[in-house]
Amino acid sequence: MAVLVTGGAGYIGSHTVAELLEAGEEVVVVDNLTTGHREAVLGGKLYVGDLRDQEFLSRVFDENEIESVVHFAASSLVGESMQHPGNYYSNNVYGTLCLLEQMNRSGVKRIVFSSTAATYGEPEQVPVPETSRTAPTNAYGDTKLAMEAMIRWFDPAHGIKSVSLRYFNAAGAHENGRIGEDHRPETHLIPLILQVPLGQREQVTIYGDDYPTEDGTCIRDYLHVSDLADAHIRALRYLREGGSSDVFNLGSGQGFSVKQMIEAARRVTGHPIPDVTIPRRAGDPAVLIASSDKAQRVLGWKLTRDRLETIVESAWNWHRSHPNGYGD
Ligand code: UDP
């Protein structure tokens with residue numbers, strides 16, 4: 001019996017595949033490799049194709065005994081989603097519909113879904129609990145919310161049980177040094193900061209220092225990607241044990257400002273990392289910190305890498321040894 005991981009060649013997907021393999025699971029990966037990397041898949045069986053290709057998807061389900069799905073495959077750039085919302089609804093929402101219909105045809109009854117804090121938009125309260133209002137401020141977050149809703153409706157209708165995991169800021173890299181973050185273009189803070197000590201960028205750009213926070217820069221909740229991956233294994237276990245469909249936040253519960261992140265990178269790399277401040281990036285909430293109490297209570301999830309330095313060090317190890325990502 002296998003776990004199907006869609007988007008298993010991506011950043012969080014590949015770390016989850018690594019954890020599943022370590023847990024002794026049989027893994028089948030589906031990825032269209034638009035943004036994923038073949039080299040990131042450390043084991044299991046890889047099928048290269050698109051969820052919207054029904055013939056392809058039914059072949060994957062016919063050739064393997066799939067018992068659960070972990071669903072990452074999606075487009076995930078906020079800026080791009082605002083320029084090309086149609087592509088996002090097609091790839092994310094229609095792709096998920098194709099997956100759910102195939103699961104239903106094949107009698108697969110469990111799905112763990114990779115959702116996002118972007119479903120909340122500008123948070124009503126911090127730390128953000130799962131009961132907060134969902135009001136995405138960009139098309140990406142809205143597609144994820146639509147995917148969550150669609151997945152939820154497949155439970156009463158077809159008995160497909162689901163866990164949606166709303167991540168805050170995934171960061172860091174696997175301790176084995178073989179997989180890490182490689183987005184093209186890179187838009188995330190930590191890899192962009194580390195491009196400076198790598199000699200690939202002169203300085204890091206701070207998007208606004210006039211937020212209502214202590215140092216004026218945005219505060220985010222950074223979570224080690226392996227802790228995030230571990231939550232998927234626990235969610236799968238929860239569903240296998242008969243858990244009901246539910247939504248969980250995943251974050252560390254701690255917030256760090258952009259300036260604090262740059263400081264941490266200076267300490268870890270020993271590089272001065274010059275910075276320059278420019279105006280705010282549209283759509284960035286000032287503070288996003290998760291309340292993950294529910295995941296800890298119900299899924300038994302625990303943070304094991306909660307020191308900021310540990311996260312930045314693991315990212316630095318990866319980027320230093322793979323300055324051009326998987327292109328090396
Ligand atoms: N950020 C920044 N400079 C950059 C990239 C990001 O100041 O070059 C800020 C961004 O405004 C946000 C935080 O860093 O407050 C984290 O951004 P990222 O894109 O990594 O994740 P997001 O929180 O948008 O999902």
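One-based numbering, in listed order, for ligands and for the atoms of each.
Using a 4.0 Å cut-off between heavy atoms, Y222 contacts ligand 1 through its side chain alone, with no backbone atom that close. Heavy atoms of H188 found under 4.0 angstrom from ligand 1 belong to the backbone as well as the side chain. Within the 4.0 Å heavy-atom criterion, both parts of L189, backbone and side chain, lie near ligand 1.
Side chains of I233 and L20 form a contact here, defined as non-hydrogen atoms less than 4.5 Å apart. Contact annotation: the side chain of S257 approaches that of I219 to within less than 4.5 Å [non-hydrogen atoms, C-beta and beyond].
Less than 4.0 angstrom separates some heavy atom of L192 from each of these atoms of ligand 1: 5 (C), 8 (O). Close contacts between ligand 1 and T187 involve ligand atoms 5 (C), 19 (O) [criterion: under 4.0 Å to a heavy atom]. Atoms of ligand 1 lying under 4.0 Å from at least one heavy atom of D284, given by number and element, are 10 (C), 11 (O). For ligand 1, the atoms lying closer than 4.0 Å to a non-hydrogen atom of I206 are 7 (O). Interface of C218 with ligand 1, defined as ligand atoms under 4.0 Å from a residue heavy atom, comprises 15 (O).
Checked against the 6.0 Å centroid criterion, the rings of Y11 and H15 qualify as a close aromatic pair. H232 and F72 have their aromatic ring centers within a separation under 6.0 angstrom.
Here the protein heavy atom with the shortest distance to atom 19 (O) of ligand 1 is R281 NH2, 3.2 Å. Counting only heavy atoms of the protein, atom 9 (C) of ligand 1 lies nearest to V258 CG2, 3.7 Å. For atom 21 (O) of ligand 1, the closest non-hydrogen atom on the protein side is N169 ND2, 3.1 Å. When only non-hydrogen protein atoms are considered, atom 3 (N) of ligand 1 lies nearest to T205 O, 2.6 Å.
Residue nearest to atom 2 (C) of ligand 1, selected from F256, Y167, Y211, Y207: Y207 (by heavy-atom distance).
Judged by the 6.0 Å distance and 45° axis criteria, R105 is not positioned over the aromatic ring of F61.
Under the side-chain hydrogen bond (donor to acceptor under 3.5 Å, both in side chains) rule, R110 has a single partner from S245, S162, S68, which is S68.
In this structure, F248 and Y238 have perpendicular ring planes: the angle between them is above 60°, well past the 30° mark.
Under a 3.5 Å cut-off, the side chain of N91 and the backbone N or O of N87 do not form any donor-acceptor pair.
Classification of R220 and D284 as a salt-bridged pair holds, one side-chain N sitting under 4.0 Å from a carboxylate O.
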